[in-house]
Amino acid sequence: MKNLRLVILGRQGSGKGTQCLRLSELYRTIHISTGDMLRAAVETQTELGKKAKIIMDAGDLVPDEIINGIVAERIEMNDVLESGFILDGYPRTSAQAEALEGELLSSGLSLDLAINLEVPVDEVTQRMLDRSRADDTEEAIQRRLEIYENETAPLLEWFEERNNLIVVDGLGTEDVVFSRLQNVIDGVISGN
Ligand code: AMP
């Protein structure tokens with residue numbers, strides 16, 4: 001099977017993380033979640049983790065240079081070069097999208113597809129309140145949604161211009177959404 005290189009976009013609380021994990025297992029590709037990488041750094045209290053914690057608790061974005069460096073290092077690792085990737089939570093800004101494009105170009109690689117997992121604001125707000133993660137205070141949720149609309153939503157157009165954006169409805173049960181994603185990806189793999 002062909003190595004997949006996917007980006008999944010979607011508001012926080014859209015179910016991206018869970019779906020990306022399942023997709024990475026099905027397509028035997030590497031799930032790269034910048035949120036998970038940052039949370040691991042916070043957990044082990046590295047220098048990065050200490051800085052990131054304050055930013056994450058406020059619902060702000062970690063600076064582009066830092067996050068671009070982390071992702072560039074990760075996608076150059078052998079497992080990712082061999083098996084491809086599903087990027088979850090990256091890119092979130094146009095500077096990140098450009099860095100990713102440059103990074104892939106310099107390795108002679110390209111993205112197969114960007115998927116927007118679409119879940120409306122009201123629904124994601126409720127889901128985030130329900131999951132009660134440590135950084136899910138009401139202020140932080142509000143802040144993250146605001147940043148998504150301002151910084152990340154414009155990327156949808158950016159990917160669309162490059163002809164590789166597909167919108168998938170993220171409402172419904174986890175299994176229903178998963179099969180929608182699978183159909184879209186299988187369509188791309190088979191060249192439809
Ligand atoms: P997530 O698990 O994707 O919801 O990310 C949790 C938090 O990590 C975000 O609210 C940001 O503070 C930070 N973060 C994750 N990915 C990025 C990124 N690509 N750029 C900047 N900050 C990020």
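Only a predicted model underlies this, so the values are computations on that prediction, with no experimental measurement involved.
- Both Leu26 and Leu181 are part of a single hydrophobic cluster, where members link through side-chain heavy atoms under 4.5 Å apart.
- Contact check for Gln96 versus Ile67: side-chain heavy atoms found under the 4.5 Å cut-off.
- Going from atom CZ of Arg127 over to atom CZ of Arg131 covers 10.5 Å, rounded to the nearest 0.5 Å.
- Tyr90 places none of its side-chain heavy atoms less than 4.5 Å from the side chain of Ile32.
- Remark: Asp36 engages Arg39 in a salt bridge, criterion side-chain N to carboxylate O under 4.0 Å.
- Cluster annotation: Tyr148 and Met128 are assigned to distinct hydrophobic clusters (Ile/Leu/Val/Met/Phe/Trp/Tyr, side-chain heavy-atom contacts under 4.5 Å, transitive).
- Across all non-hydrogen atoms, the minimal contact from Asp186 to Tyr27 is OD1-OH, 2.7 Å.
- Looking at Ile8 and Ser14, their side chains never come closer than 4.5 Å, going by heavy atoms from C-beta outward.
- The one candidate from Val7, Ile30, Thr34, Leu6 that meets the side chain to side chain contact (heavy atoms under 4.5 Å, CB included) condition with Leu87 is Val7.
- At least one side-chain heavy atom of Asp79 sits less than 4.5 Å from a side-chain heavy atom of Arg74.
- Across all non-hydrogen atoms, the minimal contact from Asn116 to Gly10 is OD1-CA, 4.0 Å.
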>> side-chain contact (heavy atoms from CB on, under 4.5 Å) for Ile147 and Asp60? Distances and angles first, verdict last.
In response: CA-CA 8 Å; Ile147 292 177; Asp60 284 325; 3.8 Å; yes

Indicate every side-chain donor-acceptor pair of residues 168-177 with a distance under 3.5 Å to a residue at least two apart or in another chain.
{"from": "Asp169", "atom 1": "OD1", "to": "Leu171", "atom 2": "N", "distance (Å)": "2.9"}
{"from": "Thr173", "atom 1": "OG1", "to": "Val176", "atom 2": "N", "distance (Å)": "3.2"}
{"from": "Glu174", "atom 1": "OE2", "to": "Arg22", "atom 2": "NH1", "distance (Å)": "2.9"}
{"from": "Asp175", "atom 1": "OD1", "to": "Arg22", "atom 2": "NH1", "distance (Å)": "2.9"}
{"from": "Asp175", "atom 1": "OD1", "to": "Arg22", "atom 2": "NH2", "distance (Å)": "3.2"}

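- With sequence neighbours excluded, the residues satisfying salt bridge (charged side-chain N to carboxylate O under 4.0 Å, His left out) with Glu101 are Arg162.
- Note on Phe85: it clusters hydrophobically with Leu9, by side-chain heavy-atom contacts below 4.5 Å among ILVMFWY residues.
- The shortest heavy-atom contact between Ile115 and Val184 is CD1-CG1, 4.2 Å.
- Residues that satisfy the salt bridge (charged side-chain N to carboxylate O under 4.0 Å, His left out) test with Asp64, not counting sequence neighbours, are absent from this structure.
- Heavy atoms only, all atoms of each residue included: Pro91 and Ala97 are closest at CB-N, 3.4 Å.
- For Glu149, the CD atom counts as densely surrounded, since its 6.0 Å shell holds more than 12 non-hydrogen atoms of other residues, nucleotides or ligands.
- The pair Asp136-Arg144 counts as a salt bridge, with a side-chain nitrogen and a carboxylate oxygen less than 4.0 angstrom apart.
- The minimum heavy-atom distance between Ala95 and Asn68, with the atom names listed, is O-ND2, 3.9 Å.
- Remark: side-chain polar atoms of Thr152 are paired, donor with acceptor, to backbone N or O of Arg92 under 3.5 angstrom.
- A heavy-atom distance below 4.5 Å is found between the side chains of Leu38 and Leu48.
- In terms of the salt bridge (charged side-chain N to carboxylate O under 4.0 Å, His left out) criterion, residue partners of Glu47 (sequence neighbours excluded) are, by chain and number, Lys50.
- Minimum interatomic distance between Leu156 and Leu165 (heavy atoms only, all atoms of both residues): O-CD2, 3.5 Å.
- In the hydrophobic clustering of ILVMFWY residues, with side-chain heavy atoms under 4.5 Å counting as a link, Leu61 and Trp158 come out apart.
- Atom CD of residue Glu118 and atom CD1 of residue Ile166 lie 15.0 Å apart, to the nearest 0.5 angstrom.
- In this structure Glu146 satisfies the salt bridge (charged side-chain N to carboxylate O under 4.0 Å, His left out) test together with Arg143, sequence neighbours excluded.
- Within the 4.5 Å cutoff, the side chain of Leu129 has heavy atoms near those of the Glu138 side chain.
- A distance of 10.5 Å separates CD of Gln182 from CD of Gln19, quoted to the nearest 0.5 Å.
- Side-chain atoms of Leu145 and Arg11, non-hydrogen and from C-beta on, do get closer than 4.5 Å to each other.
- Atom CD of Glu25 has more than 12 neighbouring heavy atoms from other residues, nucleotides or ligands inside a 6.0 Å radius.
- Using modelled atom types, no side-chain atom of Asp112 and backbone atom of Ile189 make a donor-acceptor pair closer than 3.5 Å.
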>> Does Ile75 form a side-chain contact (heavy atoms from CB on, under 4.5 Å) with Leu100? I'd like the steps, not just the answer.
In response: CA-CA 10 Å; Ile75 63 180; Leu100 174 65; 4.0 Å; yes

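- No continuous path of hydrophobic side-chain contacts links Leu117 to Leu21 [ILVMFWY only; heavy atoms under 4.5 Å].
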Per-pair distances, 0.1 Å, donor-acceptor, side chain in residues 102-111, under 3.5 Å, sequence neighbours excluded:
{"from": "Ser106", "atom 1": "OG", "to": "Gly102", "atom 2": "O", "distance (Å)": "3.4"}
{"from": "Ser106", "atom 1": "OG", "to": "Glu103", "atom 2": "O", "distance (Å)": "2.9"}
{"from": "Ser107", "atom 1": "OG", "to": "Glu103", "atom 2": "O", "distance (Å)": "3.0"}

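- Considering CG of Leu4 and OG1 of Thr29, their distance stands at 6.0 Å, rounded to 0.5 Å.
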